[in-house]
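For the numbers below, each heavy atom of this structure counts, side chains included, while hydrogens, waters and symmetry mates do not. Since we're looking at a predicted model, the values are computed, not measured. Atoms within each ligand, like the ligands themselves, are counted from 1 in listed order.
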Amino acid sequence: MTASSDQPTPMTFTAAPALSGSVTVPGDKSISHRSLMLSALAVGESRVEGLLEGEDVLSTAAAMRAMGADIGKDDEGIWHIHGVGVGGLLQPETALDMGNSGTSTRLLMGLVASHGITATFIGDASLSKRPMARVTEPLSRMGASFTTSPGERLPLTMRGACPAVPLDYRLPVASAQVKSAILLAGLNAPGITRVVEPIPTRDHSERMLKGFGADLDVEVEADGTRIITLKGEAELRPQSITVPGDPSSAAFPMVAALLVPGSRVTITNVGLNTTRAGLVDLLREMGGNIVIENPREVGGEPVGDLVITASALKGVEPDPARAPSMIDEYPVAFIAAAFAEGRSTFRGLEELRVKESDRIATMATGLRAIGVTVEELEDGIAIEGSGGALLPGGGPIATKLDHRIAMSFAVAGLLSKNGVTIDDMRPVATSFPGFIALLQSLGAMI
Ligand code: S3P
């Protein structure tokens, strides 16, 4: 299950005995990307502990190196980054290979937009299908220019503008990637860049930019709209960062522990930023027994230890307004719904159609293949739950180069009569190295 393997790696997951134990998940992917990018823009040495060493983050590291940052890891696993300063990024000599990573692509496009350099972005088959107009449009207004593949997709070449024009922008889509791309571009634009966010999305960029010393302000209006203002030509100061565990990775053992009868699992050091913790709330509403112990702060982010006890779940109809707070967790939430009592209906999820795969279609097809009755909706899915009974299983499930599809059906396999076969587990390495070993350490037999 490594990037070097060019053949699909199928795997079968079978019914598991009660899961038990205490585990830690790898570092948060969103925070890891931003740690490397912001450190690369600070003058001096930053240290990062707990960086996620998944392929997506390594794509960001390679790109920042190609643009001048000095990035290395010491014997204790601490990453050291010597930055070039805001405005100091160098022209990369070859195309920036973003692999499977939409976050690397869109945030780095923001960085390049306000530097006087030209960069070409390439990616895998999944990334090359994803829409980039959501970033090329605002970044063009800041002065960047683009030559893209049809449909504003990768491969694309962009020329940054220096000086760039600061932007005042209302987000047309609830996307932390778009917000972050604009803020990162604004770092090197003279004047005030302002992003208006009608629906709040993950706020790691805002927290971390402030932590690095940028002059950034967030105002929240009565209706919840957030207005973020950033003063450009910022000077960032190097930082020491500790990356908390990724709640999006914790989601898989969390749902597995709730579903497999008799389980009791602790997941330590999980990030619980409210802009990310929507799945915990949803699973509790479904009847899940999840207790947060030792709430604390790590690296400016709320963190806790989750104690999860197997529970009978009931169907839900979650409010679409909570989508951004669990946007990456829907695939595994659909698995939880497949074992709940009654029908669950998820709506307002158009954004899922443009993730690493079309997650509504990919999940609907996979769920049917393992014996679940589902109705695919334009903007969501309705799922008939088994009431806790094992599902027949089956496969091979087509994961479409989507790590979260692979891990979601792995969890379903732990509750199947005949096992669930996944066509390719390699994409898991993009975000969750050690996923299989973690499940095995809890007692799963794979
Ligand atoms: C991310 C934002 C989300 C999320 C992605 C990571 C980020 O994407 O799905 O995995 O780190 O900013 P969108 O902003 O496109 O919703």
| request: For the residue pair Ser357 and Thr362, confirm or rule out a side-chain donor-acceptor distance under 3.5 Å. | output: yes
| message | Within the structure, is a non-hydrogen atom of His204 found at a distance of less than 4.0 Å from ligand 1? | response | no
| query | Taking atom types as modelled, is there a side-chain donor on His33 or Thr60 under 3.5 Å from an acceptor on the other? | reply | yes
| request: May I ask you to list the atoms of ligand 1 that are less than 4.0 angstrom from any heavy atom of Asp328? | output: 4 (C), 5 (C), 9 (O), 10 (O)
| What atoms of ligand 1 come within less than 4.0 Å of a heavy atom belonging to Ser175? | 13 (P), 14 (O), 15 (O)
| Taking NZ, NE, NH1 and NH2 as the nitrogens, is one of them in Lys73 or Glu76 under 4.0 Å from a carboxylate oxygen of the other? | no
| task | Nearest heavy atom to atom 12 (O) of ligand 1 wins, so pick from Lys179, Arg34, Arg106. | result | Arg34
| Close side-chain approach of Thr105 and Met132, heavy atoms under 4.5 Å | yes
| Mind checking whether Glu351 has an N or O less than 3.5 Å away from an N or O of ligand 1? | no
| message | Can you name the atoms of ligand 1, numbered from 1 with element, that are less than 4.0 Å from a heavy atom of Thr103? | response | 1 (C), 5 (C), 6 (C), 7 (C), 11 (O)
| field | Atom pair CD1 (Ile267) and CG (Asn269), whose distance is rounded to the nearest 0.5 Å | value | 11.5 Å
| message | For Gln177 and Thr103, which I'm curious about, is there any donor-acceptor pair between the side chains at under 3.5 Å? | response | yes
| query | Based purely on interatomic distance, does Leu107 place a nitrogen or oxygen under 3.5 Å from a nitrogen or oxygen of ligand 1? | reply | no
| request: Tell me, please: is Thr201 in heavy-atom contact with ligand 1, that is, under 4.0 Å? | output: no
| task | Answer yes or no: is there an ion pair linking Lys210 with Asp217, defined by an N-O contact shorter than 4.0 Å? | result | no
| task | Looking only at protein heavy atoms, identify the closest one to atom 11 (O) of ligand 1 and say how far it is in Å. | result | Ser30 OG, 2.7 Å
| For the residue pair Phe13 and Phe409, is the inter-centroid distance of their aromatic rings smaller than 6.0 Å? | no
| said: Check for me whether His33 has a heavy atom closer than 4.0 Å to any atom of ligand 1. | reply: no
| note | If you compare Lys355, Glu356, Arg130, Lys29 by their heavy atoms, the one closest to atom 8 (O) of ligand 1 turns out to be Lys355
| remark: If we number the atoms of ligand 1 from 1 as shown, the ones under 4.0 Å from a heavy atom of Ile327 are 9 (O)
